[in-house]
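Worksheet: one structure, shown below.
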Amino acid sequence: MRMRFQRCVVLIGLFLLLVLGTCFAEETASPLYPIRQNGLWGYMNREGETVIVPQWAMAFPFSGKTALVWTQPHIIGYEWYGDAVIDCQGNYVVEPEIGRTVEEYPFAYRIHENKGEGFCDKASGFCQMFGSRYRQIDLWGEDGTGPIGVVDDDGRLGYVDRQTGDLIIPFQYDSEFDDDYFRNGYALCTNEYPVYDESGEEVDVHYAYHLIDQAGNETLFPDGIHAVSGVSRDRVIISREEESTDESSNRKNIAWKKGIAKTDGTIIVEPKYDWLMEPDTDGMICILEWTEDGILCGHMDLDGNVIVKPLYRIESGDALPEYTFQNGYAILEVYEKEEGHTVNERYVILRKDGLEVFSHPHKRDDGRYFGFPNDSCVLPNGLLWYKTWSV
């Protein structure tokens with residue numbers, strides 16, 4: 001009897017391995033691959049064997065244990081939308097329904113319906129069809145660990161548990177802010193307050209910022225200071241209003257100076273810079289200072305120690321300049337100004353300790369131009385990728 005029981009356990013174990021083996025294989029790489037036969041799409045394994053019989057109008061690559069599919073061709077005309085989600089056995093995780101489309105994000109799916117929106121969490125497989133209760137699901141930049149932002153019919157933002165769908169942070173914030181998704185354990189939310197003149201006409205809008213953790217607890221900063229970024233490496237960019245007077249016109253100017261704090265509210269760098277970027281992958285923080293002739297850049301470490309003062313003049317166009325370190329180096333395209341003219345245009349490579357290890361003119365002596373394909377051209381082994389071209 002005992003032997004039979006052991007055999008039964010072994011057989012059940014083998015059966016589960018056969019059924020789930022394809023799913024487990026995705027830990028190192030995608031286990032299944034889309035194939036098309038006779039106009040329909042399905043999936044094969046690494047050996048080229050058909051695992052899920054072709055049956056859909058379109059099948060997208062697997063993302064972990066799930067994949068988007070089209071049960072009907074050309075769903076609302078957008079290639080990145082599906083109308084259903086399947087698991088690695090071909091079973092529906094999100095069933096197809098008339099009027100339903102599904103949009104994929106790194107950690108969850110957003111489900112659009114005529115009557116509202118819902119979501120499906122990739123890690124847990126939990127799906128919540130909110131119906132008409134909520135107008136929008138916010139999945140733009142969340143990292144898959146915290147509550148999911150939802151917007152109600154009044155346009156107010158709250159948060160629900162990604163594994164139960166329960167509302168855990170009430171609808172009390174204004175929506176549509178860049179960092180109001182949870183990342184590294186925190187979200188940055190806002191409330192808008194209109195400003196009226198003496199006649200009662202609205203003349204401005206003021207914002208109150210709230211850095212909250214996954215339980216909805218807010219980080220408190222000294223009066224006049226608030227967070228203006230998401231959290232990265234336990235650091236957050238803070239801001240404070242600074243008023244100055246133009247002596248020539250006697251007009252008051254208001255600027256928002258930037259500094260650095262920890263998530264517990266501890267101030268590391270008092271707000272005094274024109275702009276600070278969030279810490280990059282190497283733990284460096286870019287410093288930006290505005291001048292009449294462009295933007296000057298430098299960088300500091302996570303403790304606020306300035307390694308390079310803002311002295312590199314960077315052409316940025318309409319966007320903030322790229323000054324980030326990868327593999328210990330940053331690639332900058334810099335220039336100088338002399339009597340209003342741009343001179344000495346060159347590429348510079350900086351080490352984290354501020355040492356300038358490479359400098360090359362933008363235009364070579366032979367008339368060709370010199371540059372880099374992207375900002376990740378310094379490899380870990382020290383090799384440098386570059387390109388030259390003629391105009």
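Quick caveat, the model's predicted, so the values are computed rather than measured.
Taking the six-membered ring wherever Trp is involved, the centroid distance between the rings of Tyr207 and His226 does not fall below 6.0 Å. Taking the centre of each ring, Trp70 and Tyr81 stay at or above the 6.0 Å mark.
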Worksheet item: Does the pair Tyr43 and Phe62 meet the rule for a ring pair (Phe, Tyr, Trp, His ring centres under 6.0 Å), with working shown?
Response: CA-CA 9 Å; Tyr43 293 88; Phe62 265 80; 4.9 Å; yes
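Heavy-atom contacts from other residues, nucleotides or ligands closer than 6.0 Å to NZ of Lys337 number more than 12. Summarising the local packing, CD1 of Ile98 is surrounded by 12 or fewer heavy atoms from other residues, nucleotides or ligands at distances under 6.0 Å. Residue-environment remark: CD (Glu292) stays at or below the threshold of 12 foreign heavy atoms within 6.0 Å. Around atom CG of Asp223, no more than 12 heavy atoms belonging to other residues, nucleotides or ligands sit under 6.0 Å away. The number of heavy-atom neighbours closer than 6.0 Å to CD of Glu202, taken from other residues, nucleotides and ligands shown, is above 12. Around the NZ atom of Lys387, the shell of radius 6.0 Å holds more than 12 heavy atoms that belong to other residues, nucleotides or ligands.
No side-chain donor-acceptor contact under 3.5 Å links Arg240 to the backbone of Gly259. Put simply, the side chain of Asp282 never gets that close to the backbone of Met284: no donor and acceptor are under 3.5 Å apart. With Asp143 contributing its side chain and Thr145 its backbone, the two residues share a donor-acceptor pair below 3.5 Å. With hydrogens and angles disregarded, a donor-acceptor distance shorter than 3.5 Å links the side chain of Ser229 to the backbone of Ile237. No side-chain donor-acceptor contact under 3.5 Å links Arg235 to the backbone of Asp303. When atom types are taken as modelled, the side chain of Gln136 and the backbone of Val151 share no donor-acceptor pair closer than 3.5 angstrom. Listed for the Asp179 side chain is no donor-acceptor partner under 3.5 Å among the backbone atoms of Tyr186. Remark: the backbone N or O of Gly294 is paired with a side-chain donor or acceptor of Thr291 at under 3.5 angstrom. Not a single donor-acceptor pair under 3.5 Å links the side chain of Ser239 to the backbone N or O of Pro271. Judged by distance alone, the side chain of Arg351 and the main-chain N or O of Gly328 form no donor-acceptor pair under 3.5 Å.
Lys122 is linked by a side chain to side chain donor-acceptor pair (under 3.5 Å) to Ser63, Glu104, counting only residues two or more places apart in sequence or in another chain.
Taking 4.0 Å as the cut-off between side-chain N and carboxylate O, Lys257 and Asp274 count as a salt-bridged pair. A salt bridge between Asp264 and Lys262 is absent, with no side-chain N of the basic residue lying under 4.0 Å from a carboxylate O of the acidic one. A salt bridge links Asp174 to Arg156: at least one charged side-chain nitrogen sits closer than 4.0 Å to a carboxylate oxygen.
Between Val231 and Asn184, the shortest heavy-atom contact is O-ND2, 2.6 Å. In plain terms, the two heavy atoms of Pro279 and Ser232 that are nearest each other are O-OG, 3.5 Å. The minimum heavy-atom distance linking Phe221 with Ala261 is given by the pair CE2-CB, 3.7 Å. What you find for Leu332 and Leu350 is that their closest heavy atoms are CD1-CD1, 3.8 Å.
Put simply, the residue from Ile148, Ile169, Asp138 that forms a side-chain contact (heavy atoms from CB on, under 4.5 Å) with Phe182 is Ile169. The side-chain contact (heavy atoms from CB on, under 4.5 Å) test with Val94 singles out one residue from Val102, Leu68, Ile86, and that residue is Val102. Only one option out of Tyr347, Tyr386, Trp385 pairs with Phe372 in a ring-ring contact (aromatic ring centres under 6.0 Å, His included); it is Tyr347.
Residue pairs meeting the ring pair (Phe, Tyr, Trp, His ring centres under 6.0 Å) criterion with at least one partner in residues 267-286, sequence neighbours excluded, do not occur; the list is empty.
Residues Val195 make up the rest of the hydrophobic cluster containing Val203, defined by ILVMFWY side-chain heavy atoms closer than 4.5 Å, directly or through other members.
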